[in-house]
Amino acid sequence: MKHVAIDVGASGGTVYLGEVTPEAFDVTEVTRFENGPVETDGRYAWDLSALRERMVDGLQAAAEAGGAFETVGIDTWGLDFGLLADGEVLREPTSYRDPESTAAREALFEAVGKRRLFEETGITNWNTPNTLWQLYTVARREPDLLDRADRLLMMPQLLSLLLGGREAGEVTIASTTQMVDPAQRAWATDLLDELSLPTDLLPSLAEPGQRLGLVADEVAADLPSTPELVTPASHDTASAVAGLPLSDDSAFLNTGSWFILGVEREEPVRTDRAFDRGVSNELGADGTVRLLKNVDGFFILEACRDAWREANDSVDYDDLLAAARDAPARRSFVDPDADSFSIDDPMPEQIRAYCRRTDQPVPDDRGGIVRCLLDSLVAKTALAFDEIAAVVEEPPERINLGGGGVRNDLFCRLLADATDRPVTAGPVEATAVGNVLTQAIAAGTLSDVATGRRLVESSFATTTYEPTGEDWERTKERVAALPTD
């Protein structure tokens with residue numbers, strides 16, 4: 001059976017054609033498109049009409065590449081949402097990168113406290129403008145907007161609606177909101193009531209595999225058949241984890257704009273140790289929980305590439321990585337989660353300013369900046385790994401890596417050394433693989449994620465990087481001591 005996976009990230013989207021049988025699993029990229037927040041009405045927001053047009057073009061490209069397909073599944077980044085009234089979007093969804101997304105954060109913390117938020121939702125992502133923060137900001141600043149709304153949809157379901165699907169909720173993307181009880185896999189309505197946030201806007205939550213209806217007639221007009229919209233594991237990280245050939249002793253690392261590092265468990269972990277170490281619980285496919293930490297990932301590197309592109313400099317990845325290999329190693333560092341990094345100013349200068357402010361050597365060329373970023377990301381990820389290892393009873397013995405970092409040989413080698421663990425990189429397109437895998441489960445081709453993972457392991461190439469014994473402890477200490485503002 002053939003499936004189309006539409007993976008929409010905060011900086012771009014990709015459309016894949018997948019074909020799954022009980023004996024074979026294949027995923028092929030058919031087209032890419034750009035995405036990013038645009039300034040509108042004084043906000044950074046997502047251009048829904050442009051996204052719809054690009055997704056329709058992607059479905060046509062998939063049909064041209066492989067003929068008819070049976071289902072379509074959309075996954076996206078977490079956190080962001082749209083407000084609707086009578087099925088119509090009231091305004092373009094605000095991006096979590098918008099500076100105002102965190103405007104009410106401190107007031108929210110004062111109202112209920114970080115510990116209470118963790119106890120109710122299992123989330124400790126204090127560096128991430130969760131849906132709860134954004135909704136609380138809207139309630140305080142624009143109550144009329146909430147009064148007009150009758151539905152809140154997370155981005156994957158909002159995009160499915162634009163293609164003709166029905167309104168729905170799905171647990172993996174909802175669990176990024178800091179508004180879900182991870183044990184009940186349902187909205188934390190008591191918490192929301194206490195914060196005077198409307199719960200009647202929230203759709204019922206279901207596991208991956210919901211059937212949302214056929215794509216709209218005008219979307220299917222140029223397709224060889226009319227496919228059905230299905231919810232995959234619609235948070236991109238949930239799809240990526242489902243698409244990795246994890247073993248019981250593995251941690252996962254999904255690398256994109258954000259790095260998501262963690263382990264898969266059957267129940268949420270809301271212990272004092274988990275809270276103190278900033279570990280969160282998000283929901284996965286097949287009733288699992290992803291015990292994890294977030295690190296602001298390749299967003300900073302992509303922002304540098306955007307600035308260099310505007311200056312007509314080369315942004316070819318191979319060229320940048322070659323320059324990074326030649327640059328001095330572990331000379332300067334940034335904390336990628338620092339609040340001072342924003343989308344408002346050119347990122348290369350923000351990095352230089354951070355290094356000047358922290359009395360470090362200032363990288364003076366692109367190779368130095370990229371090496372600074374890679375060293376910093378590796379060290380911050382290794383620190384997050386240590387936190388995860390301290391929370392679970394049996395620390396993971398290896399790391400399975402998916403996403404853009406798979407193609408970054410330097411990053412993978414450094415990560416193996418910094419964590420002192422073997423790093424298995426691949427499949428490259430883990431998110432698309434997991435998206436297709438969960439669609440195939442819904443279609444009945446596969447029985448469960450474990451069966452799909454065995455098929456993935458035999459169908460896709462991976463590369464394993466062994467640690468060399470190089471000591472990173474001093475580097476990790478330096479990065480841990482950096483300021484976060």
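- Taking the six-membered ring for Trp and the full ring otherwise, F411 and F259 have centroids separated by under 6.0 Å.
- Side chains of D98 and Q134: a donor-acceptor N/O pair is absent below 3.5 angstrom, by distance only.
- Checked options T176, N125, T121; the residue passing with S280 is N125 (criterion: side-chain hydrogen bond (donor to acceptor under 3.5 Å, both in side chains)).
- Residue E267 places its CD atom among 12 or fewer non-hydrogen atoms of other residues, nucleotides or ligands, all under 6.0 Å distant.
- Distance check: T424 OG1 to E457 CD gives 9.0 Å after rounding to the nearest 0.5 Å.
- At a cut-off of 3.5 Å, with distance as the only test, no side-chain donor of T288 or D286 sits close to an acceptor on the other residue.
- Taking the six-membered ring for Trp and the full ring otherwise, W133 and W126 have centroids separated by 6.0 Å or more.
- A salt bridge links R151 and E167; the closest N-O separation between the charged side-chain nitrogens and carboxylate oxygens is under 4.0 Å.
- Cation-pi geometry between R115 and F275 is met: the NZ or CZ atom falls under 6.0 Å from the ring centre, inside 45° of the normal.
- Between F298 and W258, the ring centre distance reaches or exceeds 6.0 Å.
- Using modelled atom types, one finds a donor on one side chain and an acceptor on the other under 3.5 Å when comparing N435 with Q439.
- Ring centroid separation for the pair F341 and Y354 comes in under the 6.0 Å cut-off.
- What you find for L159 and V8 is that their closest heavy atoms are CD1-CG2, 4.0 Å.
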CA sep, side-chain torsions, deciding dist, call: E264, R453, salt bridge (charged side-chain N to carboxylate O under 4.0 Å, His left out):
CA-CA 14 Å; E264 206 169 47; R453 281 175 172 160; 2.9 Å; yes
